[in-house]
Amino acid sequence: MKRFSYLCVSGLLSMMSLVTCGAPHGQPREGSEPVAPNQVLDFRTLYAQNCAGCHGEEGRGGASIALANPVYLAIVDEKAMRKVVADGVRGTSMPAFAQGAGGMLTEQQINAITSGMFSNWGRKGVLDGANPPLFAAKTIGNAAHGELVFGAYCASCHGSEGQGGSKGSAVTNDSFLALVSDQGLRTIVITGRPELGAPDWRGNVPGKSMSDQEITDVVAWLASRRVQPPRQPYFVSKYLQH
């Protein structure tokens, strides 16, 4: 009986030593410490925490465009994408994320988000055989001609004045135009919004793609419908002057 008790106690002590081996009492085990926010470099974690609120889970689109759009990723310049993520777009709903621009993310985290979009969601050869327009306009748009272009390519879904219709949303809405830049408008026209059923520049009229200049002109027309923010002098209630 004494021998049996001795063996039980010895076994219990051996098990305890295995459990506590390598970890002093009261101290965390190696690798159990939480990662500091500025040390997180996993793309999906960073995207979920910083981008999904507007661009949707897994980049599938939400209040803003889908980033997991292979056509978009084939046209956008990676350096331009990184600059937008880091510095935001002034005057729109796109904020700056880099610490140097007032955000919370390090340079390494900005790199992880940007490169992660291309490596996870890009698709090689998606534009093979196509003649895509330039991502950024190189000429000045003609708003008057843009109105005609809009009528030919866009009005069937978005209405003759861009007021919206049964197939497409309002694109001359004051709130929408106030929150999107000219480049944002151009991006939507070129790459479409596949998550909403909106085609890219090749699919508005069957068999006829929009030219680079037509896209530039239609963006100029849309931008001309944007209400400019008020500037002084303008009426200010006497109750707000103090």
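Position 1 is the first residue of the sequence, and the numbers go up from there. This structure is a prediction, so every number in the text was calculated from the model and none was measured. Values below: every heavy atom of this structure, side chains too, minus hydrogens, waters and symmetry copies.
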Is it true that [X] and [Y] fall in one hydrophobic cluster, defined by side-chain heavy atoms closer than 4.5 Å?
X	Y	result
L46	M104	no
I140	V189	no
L105	L41	no
L196	I65	no
V84	L179	no

Backbone of S169 reached by a side-chain donor or acceptor of H158 within 3.5 Å: yes
[Y]/[X] salt bridge by N-O under 4.0 Å criterion:
X	Y	result
D212	K138	no
E78	K83	no
R82	D77	no

Quick one: pull up [atom1] in [X] and [atom2] in [Y] and give me the separation to the nearest 0.5 Å.
X	Y	atom1	atom2	result
W201	I190	CH2	CD1	8.0 Å
S209	D200	OG	CG	8.0 Å
Y72	T191	OH	OG1	7.5 Å
K124	L73	NZ	CG	13.5 Å
T216	W221	OG1	CH2	16.0 Å
N111	Q108	CG	CD	7.0 Å

Which pair of non-hydrogen atoms, one from [X] and one from [Y], has the smallest distance, and what is that distance?
X	Y	value
F176	N173	N-OD1, 3.0 Å
F43	M117	CE1-N, 3.6 Å
L134	R186	O-NH2, 2.9 Å
F150	E161	CE2-C, 4.5 Å
T172	Q163	OG1-N, 3.8 Å
A86	A96	O-CB, 3.4 Å

side-chain contact (heavy atoms from CB on, under 4.5 Å) assessment of V71 paired with R202: CA-CA 11 Å; V71 172; R202 298 167 292 185; 3.9 Å; yes
Audit row: Q109, F97, side-chain contact (heavy atoms from CB on, under 4.5 Å) steps and yes/no: CA-CA 9 Å; Q109 290 174 318; F97 284 95; over 6 Å; no
Side-chain H-bond candidate by donor/acceptor type, Q99 with T106, under 3.5 Å: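 Checked: Q99/T106 side chains show no N/O donor-acceptor pair below 3.5 Å.
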Inter- and intrachain pairs under side chain to side chain donor-acceptor pair (under 3.5 Å), touching residues 48-64, at least two apart: R44-E58
Result of checking I188, D217, L185 against L222 for side-chain contact (heavy atoms from CB on, under 4.5 Å): L185
Test log, rule salt bridge (Lys or Arg N to Asp or Glu O under 4.0 Å), inputs R226 and D182: CA-CA 10 Å; R226 186 182 286 127; D182 288 4; 2.9 Å; yes
T187 and V76: CA distance, side-chain angles, deciding distance, side-chain contact (heavy atoms from CB on, under 4.5 Å) verdict: CA-CA 9 Å; T187 299; V76 66; over 6 Å; no
Residues in ring pair (Phe, Tyr, Trp, His ring centres under 6.0 Å) contact with Y47, at least two apart in sequence or another chain: W121
